[in-house]
Amino acid sequence: MEKIGAHIYPQKVKLDFQSPEDISSIFPDLASQARLLIARNREIISASSDERNHSRYWEVPGFARIPCGGTHLKRTGEVGDIALRRKNIGKGKERIEVFIVK
C-alpha cells in the first residue's frame, strides 16, 4: 500500500493511500500500535532538515521521521486517545482519518 498524500490539522490527520480494497480491516491493529506509542510517552524531536528552504520535520527516534505539519508536541503522550475512520476517496484510493478523542 503506497501513501499518496497526507494533511495534518490540529484535531485530525488525513492519510491517503493507493489501495484496491477496503483497508479498514487493519484498523484494530493500527489503532493498538498507535495507542502503545502514545502510552509510552516517547520524546518527539522537531528540527530543520533544510534551513534555506525552511523544511522541518518531527521524529520519534527509532520509529519514524516525517515532514512537519505544524504540530509541535514534545512527547507522544500529548496526543491522547485516538479514533480511526475509513473513507473511500475514489477508485483505488483509501483515506484513514485519525481523530483526537476528547
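Values below: all heavy atoms of this structure, side chains included; hydrogens, waters and symmetry mates excluded. Everything numeric here is computed off the predicted structure, so don't read it as measured data.
Considering CD1 of I45 and OH of Y57, their distance stands at 6.5 Å, rounded to 0.5 Å. Between the NZ atom in K93 and the CD atom in E2 there is a gap of 11.0 Å [rounded to 0.5 Å]. Remark: R42 CZ to L36 CG distance equals 10.0 Å, nearest 0.5 Å. The line from CD1 of I4 to CD1 of I89 is 5.5 Å long, rounded to the nearest 0.5 Å. Atom CG of residue L15 and atom NE2 of residue H7 lie 11.5 Å apart, to the nearest 0.5 angstrom.
Partners of N41 according to the side-chain contact (heavy atoms from CB on, under 4.5 Å) rule, which considers only residues two or more places apart in sequence or in another chain, are R75. For K14, the side-chain contact (heavy atoms from CB on, under 4.5 Å) test picks out Y9, K12, R95, E97, with sequence neighbours left out. Under the side-chain contact (heavy atoms from CB on, under 4.5 Å) criterion, V79 pairs with I38, L73, I82, I100, not counting sequence neighbours. Residues satisfying the salt bridge (Lys or Arg N to Asp or Glu O under 4.0 Å) criterion with R56, sequence neighbours excluded, are absent altogether. Remark: E78 pairs with no residue by the side chain to side chain donor-acceptor pair (under 3.5 Å) rule, at least two apart or across chains. In this structure S48 satisfies the side chain to side chain donor-acceptor pair (under 3.5 Å) test with no other residue, sequence neighbours excluded. The side chain to side chain donor-acceptor pair (under 3.5 Å) search around R40 returns none, not counting sequence neighbours. Annotation: side chain to side chain donor-acceptor pair (under 3.5 Å) contacts of Q18 (sequence neighbours excluded): none. Not counting sequence neighbours, the partners of D22 by the side-chain contact (heavy atoms from CB on, under 4.5 Å) test are S24, R86, E94.
A side-chain donor-acceptor contact under 3.5 Å links T76 to the backbone of L37.
Listed by first and then second residue, the side-chain hydrogen bond (donor to acceptor under 3.5 Å, both in side chains) pairs involving residues 26-35 are D29-Q33, R35-D81 (not counting sequence neighbours).
Using a 4.5 Å heavy-atom threshold, the side chains of F17 and I96 count as touching. Using a 4.5 Å cut-off on side-chain heavy atoms (C-beta onward), F99 and R85 make contact.
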Would I23 and M1 count as a side-chain contact (heavy atoms from CB on, under 4.5 Å) here? Give the steps. CA-CA 9 Å; I23 61 172; M1 187 167 38; 3.5 Å; yes
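Within 6.0 Å of the CZ atom in F63, the count of heavy atoms belonging to other residues, nucleotides or ligands does not exceed 12.
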